Number of protein chains: 2
Amino acid sequence: AFQYTELAQYVDSHQEEYVEALRDWVAVESDSSNVLKRSELNRMMEMVAQKLRQMGGTVELVDVGEQELPDGSTLALPKVATAQFGSDPNKRTVCVYGHVDVQPAKLEDGWATEPYNLTDINGNLYGRGASDNKAPVLAWIHAVAAYQALSMELPVNVKFLIEGMEETGSNGLDAMILAQRDTFFSDVDYIIISDCGWLSRRPALTYGTRGNCYFYAEVEGPKQDLHSGVYGGAVIEPMIDLIGILDTLISPSGKILIPGIREAVAPLSDEEWKMYQDIQFDMDNYRNKVGVSQLMYNNKVDLLAHLWRYPTVSIHGIEGAFSDPGTKTVIPAKVTAKFSIRQVPNMDPAAVKKQVTDYLHSVFAKRKSPNKLKVTMVIGAKPWLADTQHALYEAGKAAVKRVFQMDPDLIREGGTIPVARTFQDVTGKSIIMMPIGGFDDGLHSQNEKISRYNYIEGTKLFIAYLNEVSQITIQV
Amino acid sequence: AFQYTELAQYVDSHQEEYVEALRDWVAVESDSSNVLKRSELNRMMEMVAQKLRQMGGTVELVDVGEQELPDGSTLALPKVATAQFGSDPNKRTVCVYGHVDVQPAKLEDGWATEPYNLTDINGNLYGRGASDNKAPVLAWIHAVAAYQALSMELPVNVKFLIEGMEETGSNGLDAMILAQRDTFFSDVDYIIISDCGWLSRRPALTYGTRGNCYFYAEVEGPKQDLHSGVYGGAVIEPMIDLIGILDTLISPSGKILIPGIREAVAPLSDEEWKMYQDIQFDMDNYRNKVGVSQLMYNNKVDLLAHLWRYPTVSIHGIEGAFSDPGTKTVIPAKVTAKFSIRQVPNMDPAAVKKQVTDYLHSVFAKRKSPNKLKVTMVIGAKPWLADTQHALYEAGKAAVKRVFQMDPDLIREGGTIPVARTFQDVTGKSIIMMPIGGFDDGLHSQNEKISRYNYIEGTKLFIAYLNEVSQITIQV
Ligand SMILES: [Zn+2]
Ligand SMILES: [Zn+2]
Ligand SMILES: [Zn+2]
Ligand SMILES: [Zn+2]
């Protein structure tokens, strides 16, 4: 029988140890976007492998090749750590995915504490990577270690897949997953991702993420940049053409104007509406966190629906125009707008590519400009959506109930976690996202933190979840 | 009597010497925008002073203070060189303005030759600063020196005002002109600027420049940049608001949409139309030079009028948005567009400021956005326009006729030469712009050059012009 109480007590009595482990990991500046920090990132991967080896896991650091730098040189990618605990063919096998690279952080960016020195303030553990994603990875490790420490058999076989390039696009990971589909992944039944956060103080299970179609719209005119005093009035400026077409993408109230996009979106069902209605979500708190006087929608259901299950257009910026401080009187010769459209069921990136390209060309044609427009879709990531009635989610609900004495919110993520989609497409396995981060952890921002509560109770949740997964009856 | 032939012969027989002098000057990388080149720029000013001293002028290197750098430190501005040749109260006194700083240039930018090594290819002298503005300054010096070499009395007193910060906004010069209004400038009758170019192979006199009102339009939303996956759909994006208002400034066909702007412009008179009609201007050549398949206007008069005497809107770029290569999924929190409106008679920058600010705020209000818009006018430079019937221009026409056996084109400049306006406002003196650069000299571009022809014949033009100015009868 499952001895949850003993395991939970073990966790409670070892929490200082867990905080110290997190301190050691946060101290490593494993910023994957900064090539000068690559040795730190490599050291981080070694630390992960070392910890898993000490626990008796079968550990490998898998070479996933190199990346090309903008200057044309190449740099070895950090290795990907895999580990296995147990290989009982009579048990289920789960694979926990996580990452130990982090976003950049500097004290000068506006941190109240040193970002790489874990600092406990009123029960919150501040540090870069604390919530995204080092504490969740450690919580999974502690969960396995707790069973071991109490000499309890693991209820399922547990595999780990820990990478170091997530924050810059998981370079090398897709190929590695594909290469190991019939080896490392062959006996995996379920994949668990804990790389996101709750929506409120209530625990959550995440069942969907939006995809993303990222576009470049390039308008090219004169053969070189021109002085606006000398040439202004003689040429049709590419920047003005570009602004003209960008202005036709979305209305001031957020309505996407590209024909066909809205029509493709799965209609909001009554059950969904009801589910959103029941979710605990503090609009005022959210509005204050974002720092705006008014959100795009002022009721919860509309807001959540537009974050999770409707597409949106964001215009990120323009390359090739003057973007520095100060005044420059230039007519840029070639300007490239970067914008993206978040993808939701049932949108199809290939169709979106055609809809956007055709639409922008038709709008541009009406301008009768001699400049040249080129529209390219450079990323086409599909959304991911799980069935919340699936046994994997039922097990999650039971684990949450055991640890927190309440039902989880069933939520979606507006952002894209492409590895979920890759797992689904390559391995065909079912995936669950089980976050333990708080709603206000400040991922990718200044003053990122995870609370002791989330870290420690999260470890208990993972312990309970391993047991629940072992109870899933085989579905044919 | 004026011995033009002897002077012209002297110039012809000394042209190799003049080319060598230009080579020495071009070899100095006097890039005023690069603070690391400041010592080169200071050396350049010393060379100018040294040359003028050797000719027996009364020379001063005037300290004009320091500039503040973006990091808050200060750097001494290059001194301004003044010189005086002759102080006969019975003669007219002209002051020649020029600059010896240059735009940046690197071989890698696409130069066919080393930019700081003057290279003669088929009679064209390639090098950064050759045409803008080192050869014209040297031509004025050679003109004075030729009179001296032949022991001919200068027909007028000649003063020089040579600066080293023109390319970055003539930092310190306005204050210096104001400070010396009642000293150095008190006996100056006319100011001559040779810092522009012809429009075709026909010599030209320039009688107007456009001014410039440069605006920042800042839209501020969330308190920090947001991830477009996580927040896209919840917030009204500042970038989308900004694009929406920028798109209302000007129509695809170049019509300025800001109420009041076009109404203020002086109407095109029949004489003006006639004058433009008579100007030698090769539309195809110009179109090819710009590198577009179609210009904004396809007839000469419309095109010239929109370059010289109609306002235009240019959108230079956006600060605060994503402008690097690659893909970033950011919702920028605060974005600032930079745009400018070229000023022409009878526009008033103060009125333009109000028109633009009111208009953008009214357009923005219609969007009902919770974001905040701030419109600032950071430069308000008035246009400059001279009377082409003025004796100074009649003298110019006569000098051109003597040297080139043809009438000059009377042209305007689309760009702003703010020092002209300062001279006019502070000293109240009449100004003439007498260019000697070719229409295809590539100022501010790669492969800048001046032809030997323009350099040498330009020197003769200045010699002849000094004589013509001495003939001007006093107007009361
Ligand atoms: Zn993450
Ligand atoms: Zn992250
Ligand atoms: Zn110049
Ligand atoms: Zn210049």
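Note that this is a predicted model, so its numbers are computed, not measured. Below, chains carry the letters A, B, ... as their sequence lines are ordered, and counting in each starts from 1. The figures here come from the full heavy-atom set of this structure, side chains too, leaving out hydrogens, waters and symmetry mates.
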- Set of side chain to side chain donor-acceptor pair (under 3.5 Å) partners for D225(B), sequence neighbours left out: none
- Item | Side-chain touch T168(A)/Q67(A), heavy atoms, less than 4.5 angstrom | no
- May I ask you to check whether R342(B) and S314(B) show a side-chain donor-acceptor distance below 3.5 Å? no
- Query: Do you know which of S369(B), C196(B), G244(B) has the most heavy-atom pairs under 4.5 Å to chain A?
  - Reply: G244(B)
- Message: For the interface with chain B, which of H306(A), R367(A), Q224(A) has the highest count of heavy-atom pairs at distances below 4.5 Å?
- Response: R367(A)
- Assert top hit (heavy-atom pairs under 4.5 Å, partner chain B, pool E413(A), E237(A), K368(A)) equals E237(A)
- Task: Check whether any side-chain N or O of R421(A) sits under 3.5 Å from a backbone N or O of G211(A) as a donor-acceptor pair, and report yes or no.
- Result: no
- Task: Could you have a look at K223(A), E220(A), R210(A), M239(A) and say which one has the most heavy-atom pairs with chain B under 4.5 angstrom?
- Result: K223(A)
- Task: Examine whether an atom of D324(B) lies under 4.5 Å from a heavy atom of chain A, and if so say whether it belongs to the side chain, the backbone or both; otherwise answer neither.
- Result: backbone
- Note on the structure: One option among A333(A), S445(A), P252(A) has the most heavy-atom pairs under 4.5 Å with chain B, and it is P252(A)
- Query: Within a strict 4.5 Å, meaning less than it, do heavy atoms of the L249(B) and I243(A) side chains meet?
  - Reply: no
- Query: Heavy-atom distance under 4.5 Å to chain B: side chain of P311(A), backbone, both or neither?
  - Reply: neither
- Message: Between D241(B) (side chain only) and I236(B) (backbone N and O only), is there a donor and an acceptor less than 3.5 Å apart?
- Response: no
- Task: Describe, in one word, how the ring planes of F215(B) and F339(B) are oriented to each other, choosing from parallel (under 30°), tilted (30 to 60°) and perpendicular (over 60°).
- Result: parallel
- Task: Count the heavy-atom pairs under 4.5 Å between each of H444(B), K328(B), K372(B) and chain A, then report the option with the highest count.
- Result: K328(B)
- Do S340(B) and H316(B) have side-chain atoms, one donor and one acceptor, less than 3.5 Å apart? yes
- Message: Less than 4.5 Å to any heavy atom of chain B: does that hold for the side chain of T329(A), its backbone, both, or neither?
- Response: both
- Winner by heavy-atom pair count (cut-off under 4.5 Å) against chain A, out of Q446(B), H227(B), K338(B): K338(B)
- Query: Between T376(A) and V378(A), is there a donor-acceptor pair closer than 3.5 Å when you use the side chain of the first and the backbone of the second?
  - Reply: no
- Is a side-chain N or O of Q343(A) found less than 3.5 angstrom from the main chain of I341(A), in a donor-acceptor match? yes
- Query: Checking V330(A) against chain B: side chain, backbone, both or neither under 4.5 Å from a heavy atom?
  - Reply: both
- Per-residue contact mode, L303(B) against chain A (heavy atom under 4.5 angstrom): side chain
- Judged by atom type as modelled, is there a donor-acceptor pair below 3.5 Å linking the side chain of E167(A) to the main-chain atoms of S32(A)? no
- Item | Which portion of K366(A) sits near chain B, non-hydrogen atoms under 4.5 angstrom | neither
- Message: Taking side chain as everything from C-beta outward and backbone as N, CA, C, O, which of these in L226(A) sits under 4.5 Å from a heavy atom of chain B? Side chain, backbone, both or neither.
- Response: side chain
- Task: Establish, from distance only, whether the side-chain atoms of T416(A) and N212(A) form a donor-acceptor pair under 3.5 Å.
- Result: no
- Item | Region of T312(A) in contact with chain B, defined by heavy-atom distances below 4.5 Å | side chain
- With a 4.5 angstrom heavy-atom cut-off, which part of Y214(B) approaches chain A: side chain, backbone, both or neither? side chain
- Atom group of Y216(A) that falls short of 4.5 Å from chain B, counting heavy atoms: side chain
- Between W308(A) (side chain) and I411(A) (backbone), is there a donor-acceptor pair under 3.5 Å? no
- Note on the structure: Scored by heavy-atom pairs under 4.5 Å with chain B, the best of A305(A), P222(A), A234(A), G233(A) is A234(A)
- Give, as side chain, backbone, both or neither, the part of I379(B) having an atom under 4.5 angstrom from any heavy atom of chain A. side chain
- Query: When heavy-atom pairs shorter than 4.5 Å are enumerated against chain B, which of A337(A), G254(A), G326(A) gives the highest number?
  - Reply: G326(A)
- Message: With a 4.5 angstrom heavy-atom cut-off, is it the side chain or the backbone of N298(A) that approaches chain B, or both, or neither?
- Response: neither
